[in-house]
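Everything below concerns the one structure shown next.
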Protein chains: 2
Amino acid sequence: MDLNELKAIQLAELFSALSDASRVRLISLLIEDEMSVSKLAARLKMTESAVSHQLRGLRQLHLVRARRSGRQVFYSIDDDHVSRLFTLGLDHVRHG
Amino acid sequence: MDLNELKAIQLAELFSALSDASRVRLISLLIEDEMSVSKLAARLKMTESAVSHQLRGLRQLHLVRARRSGRQVFYSIDDDHVSRLFTLGLDHVRHG
DNA sequence: TTAATATATGATTACTTGTTCAACTATTCA
DNA sequence: TGAATAGTTGAACAAGTAATCATATATTAA
């Protein structure tokens, strides 16, 4: 299974999305339910700016999706694989 | 599913292992079969030093295991979750 | 229209990470 | 023993990344 460079880069990008503790917690919240930027910021104890920057990267990878309602923007998971990767990873951490 | 900080960090560390294209290719080779450092270096077109540095990190996470035979050291995958994460990620990249 | 709220963005800065280079250890073979 | 091969390690440097701050945009309400 010697990957070509393109696929290796794409895979690395996907896993990079989960390679930071803040993003991991952010995604764990979104797996439960959609959530606005400000609520995410409050739950994660991060500034809204920092959260927004992270969400931007995740959006570009099509891992989360945005929905505006009034002045709030609600984010949710945009890809089933993410939740499955997350669960599998958690498995490893728990009894690995 | 609001993770505590420790689990979030551990998860992030796990995914970090696959967050670089060189490591992704390295692991894809080891998923096939165990391989010596020099052969890995040749296949990946990296120096043995660079490969060794990467393997060190993966070893510390208990994702790969080393076995010495003469002057060579053969590395192999030390955790089933890795292969499964890898396959699931590949799924996403292919038809995501 | 003005003010207030919610989010996004660009620039800067501090930190992290991957590679290289040189030096070192371990093993085999002559 | 000495030379050659295989791998490891630490330091240094370059490139990448996450947070912050200030500013900008969008939406609502007064």
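Keep in mind that what you see is a predicted model, and the values were worked out from it rather than measured. Lettering follows sequence order; numbering is per chain, from 1.
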Any donor-acceptor N/O pair, [X] side chain to [Y] backbone, under 3.5 Å:
| X | Y | value |
| --- | --- | --- |
| B:Arg65 | B:Ile77 | yes |
| A:Arg23 | A:Ala17 | yes |
| A:Arg68 | A:Gly70 | yes |
| A:Ser28 | A:Arg25 | yes |

Just how far, in rounded Å, is [atom2] of [N] from [atom1] of [X]?
| X | N | atom1 | atom2 | answer |
| --- | --- | --- | --- | --- |
| A:Arg25 | D:dA19 | CZ | P | 12 Å |
| B:Leu18 | C:dT17 | CG | P | 15 Å |
| B:Leu44 | D:dG7 | CG | P | 13 Å |
| A:Lys45 | D:dT20 | NZ | P | 14 Å |
| B:Met35 | D:dA6 | CE | P | 16 Å |
| A:Leu40 | D:dA19 | CG | P | 13 Å |
| A:Arg71 | D:dA26 | CZ | C1' | 10 Å |
| A:Leu26 | D:dA18 | CG | P | 12 Å |

What contact category does B:Phe74 fall into here, base, sugar-phosphate, or nothing, at under 4.0 angstrom with non-hydrogen atoms? nothing
Does a side-chain heavy-atom distance below 4.5 Å link B:Gln72 with B:Ser38? yes
A side-chain contact here means heavy atoms from C-beta on lying under 4.5 Å apart; do A:Leu63 and A:Ile27 qualify? no
Here the pair of heavy atoms bringing A:Val73 nearest to A:Ala66 is CG1-CB, 3.7 Å
Contact check, residues 46-61 of chain B vs DNA chain C, heavy-atom distance under 4.0 Å, returns B:Met46, B:Thr47, B:Ser49, B:Ala50, B:His53, B:Gln54
Any chance you could lay out the side chain to side chain contact (heavy atoms under 4.5 Å, CB included) test for B:Leu26 and B:Leu58, step after step, and finish with the verdict?
CA-CA 10 Å; B:Leu26 192 160; B:Leu58 296 173; 4.2 Å; yes
Rounding to the nearest 10°, end axes of the helix from C:dT1-D:dA30 to C:dA30-D:dT1 built from five pairs each make an angle of 10°
Of D:dT27, C:dG18, C:dT27, the nucleotide closest to the side chain of B:Arg23 is C:dG18
### Message
Does C:dG18 have OP1 or OP2 under 4.0 Å away from a side-chain N or O of B:Ser22?
### Response
no
Residue pair B:Tyr75/A:Asp20 against DNA chain D: nearer the 5' end by closest nucleotide is B:Tyr75
Margin query: Please verify the inter-ring angle class for B:Phe15 with A:Phe15; under 30° counts as parallel, over 60° as perpendicular, anything in between as tilted.
Written below: parallel
